[in-house]
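Single-structure report; data block below.
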Amino acid sequence: MPCRHIRATCVPGAPLQAALSALRTGLGVPGSFPPGVLEEAARPPRLPPHDATDIPFLTIDPPTSSDLDQAMHLSRRENGRGYRVRYAIADVAAFVTPGGALDAEAHRRVTTLYFPDEKVPLHPTRLSEGTASLLPDQTCPAVLWTIDLDADGRTESVDVRRALVRSRAKLDYAHVQKSIDDGTAEEPLALLKEIGTLRERLEVERGGISLNVPEQEIVEKDGTYELGYRAPLPADAWNAQISLLTGMAAADLMLAHGTGVLRTLPAAPDGAVGRLRRTARALHIDWPHHVSYAQLVRSLDPHLPRHAAFLQECTTLLRGAGYTVFRGGALPDVTSHAAVAAPYAHCTAPLRRLVDRYASELCLAAAADEPPPDWVLTALDTLPKEMAEGSRRAGTVERECVDIVEAALLKDRVGDIFDGCVVDVMERQPTVGTVQLESPAVVARIEGGTGTLPLGERLRVRLTQADLGTAKVRFAPA
C-alpha cells in the first residue's frame, strides 16, 4: 500500500538539508551499523539446493534503486490457456542467523526509513544493496514463487520454494513503458501489460482499489523551492499487480495452513471519508454522492496536480492497517484488507521490511506441509507490536518530512493570501482546524478568527508562519 513519497534535491548545508538532518537527530533515527552487525552481513549465505538460474528473470525499479527485492519472469502456460508468473523474492533469511547481531538490529530498526534526501536502511547496504539484492548478473538465493493463472488472470495453483536465481536485466518504469508502447518488448516483458490489465479487472470485480500515488518532488532553485510531481505510469500499476498477486497468494497459503501473519485493514470510518469529500471540494474535484470512492479514484488522472494532491490525501484511509497473527488453525475474526478486498500479506519486500522475512518462512513451511521453524514461531506473537512501532516511526518521518518540505516551499510567502477549504475542525476548539490550499497543494493547520471555522467551505487564508526550523506552517482566516 502506498505512502506519500517525497524526494528533494538538497544543496549540502542549505536550510532544507539542515532541517532534515536535525529531524533525524531529533527522532533518534538509527545511524551506522555496529561492527558485529557488519561482520555478520559480510558472511556468505546459506545456499538452497534448487537451481533456477536458467530462468531469465528481470527487475523493474526506479533507475537509482539498488536494493532490489523482487525479480520476475512471465510466460504463457504450455496448454495455451493462461499464464505462469515466476516471482523471485530476496531470501534475507539465508543471510541472517536467528538471534544473532544482524537479526537483533533488524528487529530494532523494523523498516527502512525514507527521507526526501536519503534513506536509513533496515539492513547494511553490503547486504541490502549487494549480496542479497537481486542485481543483474548476480547469482543469489531467493524465495521463488510460481503462480499459475487461467486465461482471465485468476490464480489456479501456487508453489513456493527456495532457489538460486540470476536476474538478467535491471529495467526502470520509463523504459518498460516505452518498450511496451512501441511494441519492441519481448514476450516476458510484453506480458506484464496483459497480465497486469487482467489483474486490474479482477481488482475492480472484487471491489479493491489501488492508489496510483504520485511522487512529490521538491527541487531547490536559486534559494527557493519548487513543487512538482512524478505521476506513475501504467507500468507502475501493472508491476504492482504482480506483487499484490503474490501477497494475496501468501495470505491464502498461510490461512490454509493455519499459521501466519496477515496485513489487515478494516473499512474506513464515515468521518474519514467525509473529510476526503471536503478535500475533493477544496481541489475542485467533482464527487457526486452516487459515485463510490473506488469509482472516483479510478477516474482520476495523476498527471493533473489537483488529482495528484487528492491521491496523496487518499492514503489517510490506510491508516488503520495492522498485522494480524494467527496460529494452530484458529483463524482471526478479521482476515481481509479493505483496500485489497481480500486476504493479503506483506512478503515481497524483505530487504526493507522485517515482517516479510517471517511471512516468507511461514509460506515455505505451508507449501511443504511442514511446521514453521521455531525461531519464527517464537517471534510471531511480538511481531505485530514491533511492526506497529516501526510503522508509527515511519509514519512520523513521513509526516514530519511533509511539514518540513511545505515550510521550505512557503518560507518566503508569509503574509500572502491563498484560496483554500477547511477540511477539518476541532470539536472542542472550533476556531482551529485544517485547511487544504488550492495551489500549491498544501495541507496545514488554520487557527484564529472570531467564529467557528466553516467546515467544508472555501475561504481566503493568510500564511502566518512557515518555519523550517520548527517545521510548522500556519494559516489564519484572511
Side-chain angles (χ1 to χ4, degrees), residues 1-6 69 89 107 109-114 122 203 206-213 232 236-237 240-255 260-276 279 292-294 297 310-326 331-360 362-363 379-402 443:
M1 293 295 104
C3 297
R4 293 181 66 153
H5 299 290
I6 301 177
D69 286 287
I89 308 299
H107 278 266
R109 294 182 177 234
V110 183
T111 67
T112 293
L113 298 176
Y114 293 91
L122 171 61
E203 181 177 73
R206 67 176 184 269
I209 181 68
S210 292
L211 292 177
N212 293 321
V213 181
D236 293 60
Q241 285 294 332
I242 304 301
S243 179
L244 193 62
L245 166 69
T246 308
M248 292 168 66
D252 289 343
L253 200 56
M254 289 186 284
L255 286 168
V261 54
L262 304 176
R263 182 64 166 167
T264 53
L265 175 67
D270 290 341
V273 178
R275 184 184 187 280
L276 208 55
T279 300
S292 71
Y293 165 70
V297 168
F310 183 78
L311 285 167
Q312 293 279 11
E313 288 306 305
C314 285
T315 62
T316 60
L317 297 190
L318 306 176
R319 288 178 182 168
Y323 294 91
T324 300
V325 164
F326 59 98
L331 301 185
D333 293 334
V334 178
T335 61
S336 189
H337 190 291
V340 180
Y344 172 68
H346 276 160
C347 67
T348 62
L351 294 175
R352 293 168 283 169
R353 196 168 48 208
L354 176 66
V355 70
D356 298 51
R357 170 158 54 104
Y358 288 87
S360 288
L362 290 164
C363 290
L380 209 52
D381 288 336
T382 58
L383 197 55
K385 182 179 179 181
E386 288 179 292
M387 290 304 304
E389 292 174 353
S391 297
R392 275 195 294 271
R393 178 165 57 180
T396 299
V397 167
E398 179 184 313
R399 290 190 300 273
E400 294 287 340
C401 285
V402 170
V443 180

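- Heavy atoms only, all atoms of each residue included: His346 and Tyr323 are closest at ND1-OH, 2.8 Å.
- When side chains are defined from C-beta on, Thr279 counts as touching Phe310, because their heavy atoms get closer than 4.5 Å.
- No side-chain heavy atom of Val355 sits under 4.5 Å from any side-chain heavy atom of Glu386.
- The two residues Ala341 and Gly207 have their closest heavy-atom pair at CB-C, 3.7 Å.
- Annotation: side chain of Ser210 is in contact with side chain of Gln241 (closest heavy-atom distance under 4.5 Å).
- Between Cys314 and Tyr293, some side-chain heavy-atom pair lies under the 4.5 Å cut-off.
- Residues forming a side chain to side chain donor-acceptor pair (under 3.5 Å) with Arg392 (at least two apart in sequence, or on another chain): none.
- Using a 3.5 Å distance cut-off with no hydrogens or angles, the side chains of Arg399 and Thr396 do pair a donor with an acceptor.
- Counting only heavy atoms from C-beta outward, the side chains of Val261 and Val325 approach each other to under 4.5 Å.
- The salt bridge (Lys or Arg N to Asp or Glu O under 4.0 Å) search around Arg275 returns Glu313, not counting sequence neighbours.
- In plain terms, the two heavy atoms of Leu317 and Ala268 that are nearest each other are CD2-CB, 3.9 Å.
- Here the options are Asp69, Ile242, Ile89, the test is side chain to side chain contact (heavy atoms under 4.5 Å, CB included), and the partner is Thr348; only Ile89 passes.
- A donor-acceptor contact shorter than 3.5 Å is absent between the side chain of Ser360 and the backbone of Arg357.
- Remark: the Thr324 side chain and the Thr264 side chain contain an N/O donor-acceptor pair separated by less than 3.5 Å.
- For Tyr358, the ring-ring contact (aromatic ring centres under 6.0 Å, His included) partners are His107, Trp375, not counting sequence neighbours.
- Annotation: side chain of Thr246 is in contact with side chain of Cys347 (closest heavy-atom distance under 4.5 Å).
- In terms of heavy-atom proximity, Thr111 sits nearest to Gly390 at OG1-O, 4.1 Å.
- In terms of modelled atom types and a separation under 3.5 Å, the side chain of Arg263 and the main chain of Ala251 share no donor-acceptor contact.
- In terms of heavy atoms, Leu265 sits closest to Ala321 at CD1-N, 3.2 Å.
- For the atom pair CD of Glu389 and OG1 of Thr382, the computed distance is 10.0 Å after rounding to the nearest 0.5 Å.
- Looking at heavy atoms from C-beta onward, Leu122 lies out of side-chain contact with Arg352 at the 4.5 angstrom threshold.
- Proximity of Thr335 to Phe326: side-chain heavy atoms (C-beta onward) are nowhere separated by under 4.5 Å.
- Ala250 and Ala345 get closest at one heavy-atom pair: CB-CB, 4.2 Å.
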Go through the steps to decide whether Arg109 and Leu354 satisfy the test side chain to side chain contact (heavy atoms under 4.5 Å, CB included), and finish with yes or no.
CA-CA 8 Å; Arg109 294 182 177 234; Leu354 176 66; over 6 Å; no
Trace of the side chain to side chain contact (heavy atoms under 4.5 Å, CB included) decision for Glu203 with Ile209
CA-CA 7 Å; Glu203 181 177 73; Ile209 181 68; 5.7 Å; no
Evaluate the criterion side chain to side chain contact (heavy atoms under 4.5 Å, CB included) for residue pair Leu262 and Leu255; output intermediate values, then yes/no.
CA-CA 9 Å; Leu262 304 176; Leu255 286 168; 4.0 Å; yes
Applying side chain to side chain contact (heavy atoms under 4.5 Å, CB included) to Val340 and Arg206, what does each step give before you reach the verdict?
CA-CA 8 Å; Val340 180; Arg206 67 176 184 269; 3.9 Å; yes
